[in-house]
2 protein chains.
Amino acid sequence: MSKAARAGYLRETSAMSEILVNMRYDGPERTIAERAYRLLREDIISGALAPGLKLKIEMLRTRYGLGAAPIREALARLSSDHLVKLEGQRGCEVVPMSVADARDIGNMRKLLEVEALRISIGNGDEEWENALAAAFHRLERLERTIDQGIDDLAEWETLNHQFHKALVAACDSAWLLRMRQLMFDQHERYRRLSRVKTVATRDISLEHRALFEAALDRDAEKAVTVMETHIGRTTDAVVHTFARHELAEEALRHKEA
Amino acid sequence: MSKAARAGYLRETSAMSEILVNMRYDGPERTIAERAYRLLREDIISGALAPGLKLKIEMLRTRYGLGAAPIREALARLSSDHLVKLEGQRGCEVVPMSVADARDIGNMRKLLEVEALRISIGNGDEEWENALAAAFHRLERLERTIDQGIDDLAEWETLNHQFHKALVAACDSAWLLRMRQLMFDQHERYRRLSRVKTVATRDISLEHRALFEAALDRDAEKAVTVMETHIGRTTDAVVHTFARHELAEEALRHKEA
DNA sequence: GTCAACAAAAATATCGATATTTTATTTCTC
DNA sequence: GAGAAATAAAATATCGATATTTTTGTTGAC
């Protein structure tokens with residue numbers, strides 16, 4: 001009897017309960033491949049797997065304690081998400097990052113999120129308002145405690161994510177929401193990498209409040225304007241920090257040579 | 001010595017030269033998994049693999065004469081492209097189609113293609129104009145020969161694809177182009193399924209000409225208006241044909257029961 | 001010393017076999 | 001006969017081994 005025979009391919013681990021806590025819940029994971037997908041995805045977005053890093057199967061196998069087949073499947077999926085780049089017979093790597101890409105992603109996110117917001121505000125019912133208010137207050141509560149530990153930063157990302165999601169939740173276009181989510185995640189990778197400390201700045205908190213109020217007032221134009229500023233500023237901050245980051249790496253490379 | 005030993009995993013087939021002819025060329029295929037990805041993708045978009053169809057590995061293995069591993073990898077990639085739906089421990093299926101989805105995709109394609117067009121017209125240089133003119137004339141030549149055989153229809157799709165691509169080619173947002181392409185492909189699946197014969201109608205040909213001329217005149221607003229009508233009409237035709245298609249299937253199901 | 005040809009090592013892509021889960025079928029009970 | 005429980009069949013997900021390609025390292029020629 002193999003080790004897995006007792007509890008199936010996907011045996012429970014302590015980490016699994018954490019999914020529920022740190023939720024961006026997406027239904028239970030039924031296969032190891034799904035777990036591999038989630039783990040890799042999180043590590044790429046969080047920056048734990050650095051941009052440009054060569055993803056060798058053996059390395060990932062030991063890192064996650066999973067077999068090669070599920071990891072391969074996860075990498076294939078991530079390549080279509082544009083988080084991993086497959087290179088023919090030459091393995092794969094974490095998609096590199098660049099200032100130009102940061103700008104592009106920021107603009108794209110703006111385009112999609114603004115459109116979704118407009119529709120959502122038009123469609124939202126009472127239930128939507130309630131969920132939005134809840135998400136806003138959770139986020140605001142955290143933002144009031146200014147001292148941002150490293151844990152708080154991750155939690156802030158989650159709450160921020162949920163607030164933005166709640167804003168557009170009443171949008172009835174599945175495709176628009178799907179693409180918005182894609183760009184939000186791509187954007188998040190940049191936010192995390194550049195460790196935008198400005199994250200909990202009073203400005204951002206105020207923008208969140210303005211967004212919230214405009215949404216409840218059903219003032220779509222106001223909300224759109226605020227959202228555009230909001231995303232624009234985030235992007236600017238990211239680009240700014242990231243440009244320095246790139247310079248620093250450049251310098252480092254020169255020093256090595 | 002195994003069968004593959006003489007020519008490597010990916011041995012040449014007669015079908016391979018066809019890639020170049022029926023081109024949406026994407027670089028040479030270095031692995032069987034890539035070939036599987038392309039084949040499956042084409043068959044899903046063309047409708048050869050029907051929406052909702054359960055994709056059993058064994059069936060695909062014999063259909064394409066490939067091993068299970070590459071097929072599995074292809075399915076994983078297609079799931080992130082939203083052409084295949086993975087269902088936990090229960091295999092996968094071709095993503096189903098619906099009238100609502102057709103509308104959603106049409107609107108999304110409109111949003112993205114219009115935005116890309118605006119930027120492209122603003123940026124396009126002489127080289128862009130030349131390529132656009134070439135694409136337009138190839139398409140127009142075909143559209144003049146009204147008698148649309150089944151082969152012509154596939155060729156029309158290719159030329160239409162290339163014309164639209166040429167229009168937005170000068171857009172400098174990689175992400176916008178990527179997403180536009182995604183929606184174009186999704187839209188194509190609906191166009192093909194509903195076999196929109198209206199495809200070569202005088203109207204559409206005229207719209208193409210109007211698009212072409214507005215683009216060369218750098219009249220972005222005009223081009224955008226035409227594009228919106230153009231995509232809107234295509235979507236309407238698709239929705240119309242597809243709605244009947246759905247009704248027919250409904251009726252069929254009742255008759256069976 | 002540099003470059004090319006060659007050999008050794010590492011890593012990938014693929015296959016075939018196995019364990020597991022789902023689905024279909026049969027058997028039993030009422 | 002209908003429905004539940006048990007069983008058999010089919011299909012999936014995963015593993016371990018193998019073939020192949022890429023990369024690295026070495027040797028020899030100039």
Side-chain angles (χ1 to χ4, degrees), chain A residues 1-13 16 27-40 49 52-80 84-95, chain B residues 1-13 16 27-40 49 52-80 84-95:
Chain A
M1 193 197 281
S2 89
K3 219 191 326 183
R6 254 191 304 168
Y9 280 134
L10 191 70
R11 51 199 181 287
E12 178 125 7
T13 69
M16 284 183 75
E29 283 162 11
R30 309 180 74 92
T31 67
I32 300 180
E34 276 167 29
R35 184 149 92 216
Y37 176 70
R38 176 178 56 83
L39 291 171
L40 272 162
L49 294 172
L53 180 70
K54 188 87 199 302
L55 292 172
K56 302 205 185 117
I57 300 287
E58 191 50 35
M59 184 268 270
L60 299 174
R61 258 176 55 75
T62 59
R63 180 184 177 109
Y64 299 110
L66 304 174
I71 287 178
R72 230 153 187 308
E73 184 170 328
L75 290 171
R77 289 177 63 181
L78 289 165
S79 80
S80 276
V84 161
K85 191 175 163 207
L86 301 180
E87 325 203 53
Q89 202 77 251
R90 240 162 277 150
C92 45
E93 62 174 40
V94 178
V95 169
Chain B
M1 194 196 282
S2 88
K3 220 189 332 180
R6 255 192 302 169
Y9 280 135
L10 191 70
R11 53 199 179 288
E12 178 124 8
T13 70
M16 284 181 75
E29 281 162 11
R30 309 180 74 92
T31 68
I32 300 180
E34 277 167 28
R35 183 148 93 215
Y37 176 69
R38 175 177 56 83
L39 290 171
L40 273 162
L49 294 171
L53 179 70
K54 188 87 199 302
L55 293 172
K56 302 203 186 120
I57 299 288
E58 191 51 33
M59 183 270 269
L60 298 175
R61 258 174 55 75
T62 59
R63 178 183 177 109
Y64 299 110
L66 304 175
I71 287 178
R72 226 149 193 309
E73 184 170 327
L75 291 171
R77 289 177 64 181
L78 289 165
S79 80
S80 276
V84 161
K85 190 172 164 211
L86 301 181
E87 324 203 53
Q89 203 78 249
R90 241 162 276 153
C92 43
E93 63 174 41
V94 178
V95 169

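Heavy-atom basis, side chains included; hydrogens, waters and symmetry copies ignored. A note on names: the letters A, B, ... follow the listed sequences, proteins ahead of strands, and every chain is numbered from 1.
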Nearest-Å distance for atom pair [atom1]/[atom2], residues [X] and [N]:
X       : N      : atom1 : atom2 : value
B:Glu93 : D:dT12 : CD    : C1'   : 15 Å
B:Lys85 : D:dT12 : NZ    : P     : 16 Å
B:Glu29 : C:dT14 : CD    : P     : 11 Å
B:Lys56 : D:dT12 : NZ    : C1'   : 12 Å
B:Leu60 : C:dT14 : CG    : P     : 16 Å
A:Lys54 : C:dA10 : NZ    : P     : 14 Å
A:Arg90 : D:dT20 : CZ    : P     : 19 Å
B:Ile32 : C:dA13 : CD1   : C1'   : 8 Å

Nearest-neighbour nucleotide for the [X] side chain, [options] considered:
X       : options                : answer
A:Arg72 : C:dT23, C:dT14, C:dA13 : C:dA13
A:Gln89 : C:dT22, C:dT12, D:dT21 : D:dT21
A:Pro70 : D:dT22, D:dC15, C:dT12 : D:dC15
B:Ala69 : D:dT14, C:dC15, D:dT23 : C:dC15
B:Thr31 : C:dT14, D:dA11, D:dT23 : C:dT14

Inset, instruction - Mind checking the CG-CD spacing from A:Leu60 to A:Glu58? Nearest 0.5 Å is all I need. - result: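 Separation between the atoms: 9.5 Å.
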Inset, instruction - Check the pair B:Leu49 / B:Arg63 against side-chain contact (heavy atoms from CB on, under 4.5 Å), numbers first and verdict last. - result: CA-CA 11 Å; B:Leu49 294 171; B:Arg63 178 183 177 109; 3.7 Å; yes
Inset, instruction - Could you pick out which residue, B:Leu66 or A:Arg30, lies toward the 5' side of DNA chain C when each is mapped onto its nearest nucleotide? - result: B:Leu66
Legend entry - Residue whose nearest DNA chain C nucleotide is more 5′ - A:Ile57 or B:Gly67: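 Nearest-nucleotide comparison on DNA chain C picks A:Ile57.
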Inset, instruction - Check the pair B:Glu34, B:Arg77 against side-chain contact (heavy atoms from CB on, under 4.5 Å), reporting the backbone distance first and the verdict last. - result: CA-CA 10 Å; B:Glu34 277 167 28; B:Arg77 289 177 64 181; 4.0 Å; yes
Inset, instruction - Mind running side-chain contact (heavy atoms from CB on, under 4.5 Å) on B:Tyr37 and A:Ser79 for me, showing each step along the way? - result: CA-CA 12 Å; B:Tyr37 176 69; A:Ser79 80; over 6 Å; no
Inset, instruction - Scan A:Ile71 against the nucleic acid and name what it touches under 4.0 Å (heavy atoms): base, sugar-phosphate only, or nothing. - result: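 Nothing, no heavy atom under 4.0 Å.
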Inset, instruction - Please work out if B:Leu55 contacts a base, only the sugar-phosphate, or nothing of the nucleic acid, heavy-atom cut-off 4.0 Å. - result: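 Sugar-phosphate only.
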Inset, instruction - Specify the residue among B:Glu58 and A:Arg61 whose closest nucleotide of DNA chain D lies further upstream toward the 5′ end. - result: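 With B:Glu58 and A:Arg61 compared, the 5'-side residue is B:Glu58.
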Legend entry - Student check: side-chain heavy atoms of B:Arg30 and A:Arg90 closer than 4.5 Å: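 Touching, per the 4.5 Å side-chain cut-off.
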